[in-house]
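Following: one structure in structure tokens, then a few remarks.
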Amino acid sequence: MNTTNRTVVVTGIGATTPLGGDSASTWEGLTTGRSGVSRIEEEWAADMSVRIAARVAVEPTEVLSRPQARKLDRSAQFALVASREAWADAGFESGAGEPGTPIDPARVGVVVASGIGGVQTLLNQYDVLLQKGARRVSPHTVPMLMPNGPSANVSLEVNAQAGVHTPVSACASGAEAIGYGIEMIRTGRADVVVAGGTEAAIHALPVAAFANMMAMSKNNDAPEQASRPYDTARDGFVLGEGAGLVVLESAEHAARRGARVYCEAVGQGLSSDAHHIAQPEPTGRGIAAALQNLLDATDLTPEQCVHVNAHATSTPQGDVAEIKALRKVFGDRLDQVAISATKSMTGHLLGGAGGVESVASVLALYHRTAPPTINVDDLDPEVDADIVRGTARALPEGTIAAVNNSFGFGGHNVVLGFRSV
Amino acid sequence: MAATQEEIVKGLAEIVNEIAGIPEEDVQLDKSFTDDLDVDSLSMVEVVVAAEERFDVKIPDDDVKTLKTVGDAVTYIAEHQG
């Protein structure tokens, strides 16, 4: 066995998103072009410049038991819901090594990340401190707000003992987590890894802060049309929440237990912009480098790449920089690449985005269908590429690959490659 | 007015149910918080704070460690309530 370059496959998926409480309903929403964006009805939003967001379709408290839910930050609740789906979807009945699941816990890892961590817990408990006093602050506050909380809670659920990790890179966190998981298996540290991203930041403070960065759409009167990547009228992202996780597994381990394989997780390409703490680098230099690094580090070929799940958050600058980068690397071949911006439907899940969009990429290959980008009524002439608009599109037969892009404030660029089997 | 032992048991049962999801009728004097009622050390702090508020009693951290069973807590609260 070559322990330094093992093939990694995806054997399970799970999600809870603004489009649905699981990956099937999310995929249905993605392929039918449904928007998950609505008005924020809470009182705190009344005076905000941004009063729209993409809430999860199914409250996690409807799924988790009350005692369990009260000890988890909302971001960990999402991760737990998605991990249960992904783990069962991979064919595991219980935690690793427990009756019904005869796999070695010492070979199971978890890498789940968020961009912001347990921000709602932090803010809510600060309110408790001020209003009711120190004695009333929940003893669960630290495990709830720590950014590694979701990852650690998933590890308890699946009995993962090979390592629990949380790479934090703002809106690239979920993708970086999956890349880390792929590497854990490729290099021989683990056989099975639950990986992905989660985020729960729809709260007055993050909304006010993002709004003041001029990063968010203020299209409050038409929530379902607010997230419009590549359209000339785009004016920023719409904040979403939820989680998307995949079960990664060594191809050998999956074959040995006869697991259903969705696709291969080929690898990751990473780079950093060193340009600005929050602005995208306008030429797409760093993004192109990350994509090139993916192609150089793996046997993925540009010819195989027929689909890109773009980062495309619906900001004026970022969407164009990403297309420039794709053009730089793929050249004329980009005209044969079906590009989808699923944030047009889910909103931007920040650290959860890379997870949910990896689930979307996996299903795009599995069903050979590229989801549409909705709300592209007037394509920005600077977007020189084949955007899947309006309705879903069939992807070709044969060996095909999907590229999933995620970028984060701080200049983090993460590009993941998935390939049909 | 001080709560009776019966009232204290009932109150603790409601608190443990809220925090750990254990049915109220299972919260009996001989039950261990940790071993029988799924109340770990962090959740025990929640139980204590809720009990302090409900029964007008102060339970210092050092004393919390001595409260192993529901009966221990009931006795402590009965003796210390204001």
Side-chain angles (χ1 to χ4, degrees), chain A residues 59-77 79-81 84 94-95 98 117-118 120-160 164, chain B residues 3 8-28 31-70 72-73 76-77 79-82:
Chain A
E59 278 298 314
T61 47
E62 291 177 28
V63 184
L64 302 172
S65 73
R66 187 169 42 105
Q68 191 160 36
R70 69 196 304 280
K71 290 195 277 191
L72 299 172
D73 181 76
R74 191 169 171 82
S75 63
Q77 293 176 0
L80 199 61
V81 169
R84 284 183 181 171
S94 51
E98 292 162 8
Q120 298 205 37
T121 294
L122 179 65
L123 295 168
N124 292 342
Q125 290 301 317
Y126 189 59
D127 287 345
V128 170
L129 175 71
L130 295 182
Q131 289 161 14
K132 298 179 177 171
R135 184 66 174 159
R136 293 290 296 276
V137 170
S138 169
H140 302 291
T141 301
V142 170
M144 287 172 74
L145 72 81
M146 62 192 194
N148 54 314
S151 209
N153 278 291
V154 171
S155 82
L156 298 175
E157 183 78 9
V158 304
N159 194 24
V164 177
Chain B
I8 297 170
V9 174
K10 186 171 187 319
L12 281 175
E14 287 172 15
I15 289 167
V16 170
N17 172 260
E18 170 67 24
I19 289 168
I22 302 292
E24 288 179 31
E25 58 270 26
D26 292 351
V27 182
Q28 303 285 342
K31 292 290 168 63
S32 154
F33 286 108
T34 312
D35 300 337
D36 301 322
L37 302 178
D38 206 20
V39 176
D40 64 15
S41 60
L42 295 184
S43 294
M44 189 63 194
V45 178
E46 283 188 286
V47 170
V48 164
V49 172
E52 283 182 337
E53 197 152 283
R54 184 155 183 156
F55 301 114
D56 189 22
V57 62
K58 279 275 165 278
I59 311 177
D61 290 350
D62 286 346
D63 290 354
V64 172
K65 293 174 191 136
T66 67
L67 308 179
K68 304 292 185 201
T69 66
V70 175
D72 295 341
Y76 188 97
I77 291 165
E79 287 172 0
H80 292 84
Q81 61 186 338

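Every chain is numbered from 1, with letters handed out A, B, ... down the list of sequences. Computed from a predicted structure; not experimentally measured.
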Nearest 0.5 Å please: distance from the NZ atom of A:K132 over to the CD atom of B:E53. 7.5 Å
With only heavy atoms counted, which part of B:S43 is less than 4.5 Å from chain A, the side chain, the backbone, both or neither? both
May I ask you to list the residues in residues 64-76 of chain A that approach chain B closer than 4.5 angstrom, counting heavy atoms only, ordered by number? A:R66, A:P67, A:R70, A:K71
Determine which residues belonging to residues 140-157 of chain A lie within contact range of chain B, meaning some heavy atom pair is under 4.5 Å apart, and list them by number or answer 'none'. A:H140, A:P143
Report, in residue-number order, which members of residues 10-18 of chain B are under 4.5 Å from chain A by heavy-atom distance. B:N17, B:E18
Give me the contact list for residues 58-67 of chain B versus chain A, heavy atoms only, anything under 4.5 Å, ordered by residue number. B:I59, B:D61
